[in-house]
Amino acid sequence: MRRPIETEQLGDSTNPAIFMVPGWGMPKETMRPLAERLSSRFYVVLANLPGVSLDESWISRTRIGPNYDIDALSEQLIAVAPKHCWWIGWSLGGMVSAYVAARRSSCVKGLITLSASPSFLQREGWPHGMEVSLFDDFATLTANQPEQGLKRFVMLQTKGAANERTLVKQLQPLLPTSTLNKAALVGGLRLLRTLDVRREWSLLDRPNLHILGQCDGLVSYQTLTTQADVNPHQEVIVMPDVAHQSFMENESVCLRHIEQFIDANSL
């Protein structure tokens with residue numbers, strides 16, 4: 001039986017380690033260019049969320065269904081991550097990484113999130129997220145027409161980017177359409193709808209950096225800039241002219257922010 005989390009390793013395993021977790025519905029290959037550049041200095045383990053893969057043999061051989069219970073998912077990720085490493089999570093992957101960093105801090109040296117916030121949806125006392133009705137409409141589309149849901153998501157996450165058309169062309173070939181796992185998409189959306197890590201975010205006792213795009217239509221940069229004092233270990237960077245994929249839209253600047261933060265907190 002194969003592991004429910006698919007990973008790949010880049011770089012020298014004797015170097016400081018980084019564990020990277022992508023967002024909803026998107027395979028690890030989305031983050032691979034950034035991982036490849038980081039691997040010149042770090043040992044990088046790049047993971048998929050459960051049930052998301054571009055590898056048909058992985059999907060066909062995996063007998064464990066995708067489990068998106070937050071505690072079960074956290075343990076699955078911890079099991080394949082290097083010990084006491086830096087966690088970098090994008091979007092949903094960032095929220096899950098924050099949960100792990102707060103509740104299992106002994107496993108995490110530091111946290112970096114990309115286009116993530118403590119709550120993706122609007123809630124009581126949290127006006128910055130997506131309207132629940134809009135999210136539910138998207139979830140219904142994905143449940144009924146998963147391929148259309150993925151394509152719609154590409155358009156949503158690239159909207160506002162300076163190079164929107166180029167990004168769409170980059171992302172479309174990475175959609176796991178031939179290996180589509182509806183249960184993974186539905187389970188991931190269910191988690192995204194319920195996950196609220198505001199308390200965990202405030203309790204983070206590891207260095208944590210959060211990189212947000214000023215033009216992101218899915219995760220507002222105001223989710224953290226309006227709460228600068230939520231955590232004394234927190235640093236927030238807003239990248240101008242960037243939407244939901246800072247690591248693709250302006251890879252070099254994003255890379256510089258990550259390396260500088262790790263270097264500054266590794267003394």
Side-chain angles (χ1 to χ4, degrees), residues 5 16-24 45 47 49-50 67-130 132 135 187-213 216 218-238 246 257-258 260-267:
I5 300 292
I18 289 174
F19 185 59
M20 301 179 71
V21 186
W24 175 83
V45 176
L49 290 174
N67 189 342
Y68 278 86
D69 170 82
I70 184 58
D71 292 306
L73 176 56
S74 297
E75 293 304 318
Q76 290 175 54
L77 291 170
I78 289 170
V80 297
K83 304 305 178 187
H84 195 57
C85 66
W86 288 87
W87 283 52
I88 300 179
W90 168 44
S91 197
L92 175 59
M95 297 176 71
V96 175
S97 297
Y99 186 88
V100 172
R103 293 186 174 240
R104 296 289 300 276
S105 60
S106 63
C107 302
V108 180
K109 189 171 184 178
L111 169 70
I112 299 172
T113 71
L114 310 171
S115 301
S117 74
S119 174
F120 187 73
L121 269 65
Q122 292 180 1
R123 305 183 192 280
E124 183 178 354
W126 188 257
H128 310 291
M130 178 181 285
V132 174
F135 181 88
L189 287 177
R190 188 179 298 116
L191 175 61
L192 197 57
R193 192 185 196 282
T194 59
L195 193 58
D196 181 353
V197 293
R198 283 178 288 177
R199 182 173 182 274
E200 285 77 11
W201 214 282
S202 68
L203 295 175
L204 289 169
D205 62 358
R206 294 289 186 264
N208 54 103
L209 169 68
H210 310 284
I211 300 176
L212 299 161
D216 193 338
L218 289 174
V219 176
S220 170
Y221 69 91
Q222 294 177 318
T223 58
L224 294 180
T225 56
T226 57
Q227 300 191 35
D229 60 346
V230 70
N231 186 293
H233 305 283
Q234 173 178 287
E235 182 176 334
V236 178
I237 293 175
V238 178
S246 54
H257 288 315
I258 291 171
Q260 287 178 346
F261 185 76
I262 292 177
D263 290 342
N265 290 280
S266 297
L267 301 179

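Worth knowing before you read on, the calculation uses all heavy atoms, side chains too, and leaves out hydrogens, waters and symmetry mates.
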Next on the checklist: When you compare the side chain of Leu195 with that of Ile70, does any pair of heavy atoms fall below 4.5 Å?
Outcome noted: yes
Checklist entry - Shortest non-hydrogen contact from Gly129 to Gln122? => result O-CG, 2.9 Å
Next on the checklist: Testing the basics here: between Leu121 and Trp126, what is the closest heavy-atom pair and its distance to 0.1 Å?
Outcome noted: O-CD1, 3.3 Å
Checklist entry - So, do Ser119 and Thr223 sit near enough that their side-chain heavy atoms are less than 4.5 Å apart? => result no
Checklist entry - What distance separates Ile258 CD1 from Leu114 CG, expressed to the nearest 0.5 Å? => result 5.5 Å
Next on the checklist: For Ala17 versus Cys85, what's the shortest heavy-atom pair and its separation?
Outcome noted: O-CB, 3.3 Å
Next on the checklist: Quick check: do Pro50 and Gln76 have side-chain heavy atoms less than 4.5 Å from each other?
Outcome noted: yes
Checklist entry - About how many Å separate CZ of Arg206 and SG of Cys107, when rounded to the nearest 0.5 Å? => result 9.5 Å
Checklist entry - Does the side chain of Arg190 come within less than 4.5 Å of Tyr68's, by heavy atoms? => result no
Checklist entry - Restricting to pairs with a member in residues 79-93, which pass side-chain hydrogen bond (donor to acceptor under 3.5 Å, both in side chains), not counting sequence neighbours? => result Ser91-His244
Item to check | Atom of Leu49, atom of Gly23 and distance for their closest heavy-atom approach | outcome: CD1-O, 3.7 Å
Checklist entry - Given Val96, which of Val197, Leu77, Leu192 fulfils the side chain to side chain contact (heavy atoms under 4.5 Å, CB included) condition? => result Leu77
Item to check | Passing option when Asn208 is tested against Leu111, Asn265, Thr113 for side chain to side chain contact (heavy atoms under 4.5 Å, CB included) | outcome: Leu111
Checklist outcome for this item: Interatomic distance, NE2@His210 vs CG@Leu224, rounded to 0.5 Å, equals 6.0 Å
Checklist outcome for this item: Distance col, row Ile5:CD1 vs Leu73:CG, nearest 0.5 angstrom, shows 6.0 Å
Checklist entry - Roughly how far, to the nearest 0.5 Å, is the CG atom of Leu189 from the CZ atom of Phe120? => result 9.0 Å
Checklist entry - For the residue pair Val108 and Ala101, what are the closest heavy atoms and their distance? => result CG2-CA, 3.8 Å
Next on the checklist: Under the criterion side-chain contact (heavy atoms from CB on, under 4.5 Å), I'd like the reasoning laid out for Val80 against Val45: C-alpha separation, chi angles, the key distance, then a yes or no.
Outcome noted: CA-CA 8 Å; Val80 297; Val45 176; 5.8 Å; no
Checklist outcome for this item: All heavy atoms of Gly188 vs all of Leu92, minimum pair found to be O-CD2, 4.0 Å
Checklist entry - What do the steps show when you test Ile18 against Ile112 for side-chain contact (heavy atoms from CB on, under 4.5 Å), and what is the final call? => result CA-CA 10 Å; Ile18 289 174; Ile112 299 172; over 6 Å; no
Checklist entry - Can Gln222 and Leu212 be said to form a side-chain contact (heavy atoms from CB on, under 4.5 Å), step by step? => result CA-CA 9 Å; Gln222 294 177 318; Leu212 299 161; over 6 Å; no
Checklist outcome for this item: To the nearest 0.5 Å, atom CG of Asp196 lies from atom CD of Glu124 at 11.0 Å
Checklist entry - Residues two or more places apart in sequence or in another chain: which of them pass salt bridge (charged side-chain N to carboxylate O under 4.0 Å, His left out) with Glu200? => result Arg103
Item to check | Side chain proximity check, Leu191 to Trp24, heavy atoms < 4.5 angstrom | outcome: no
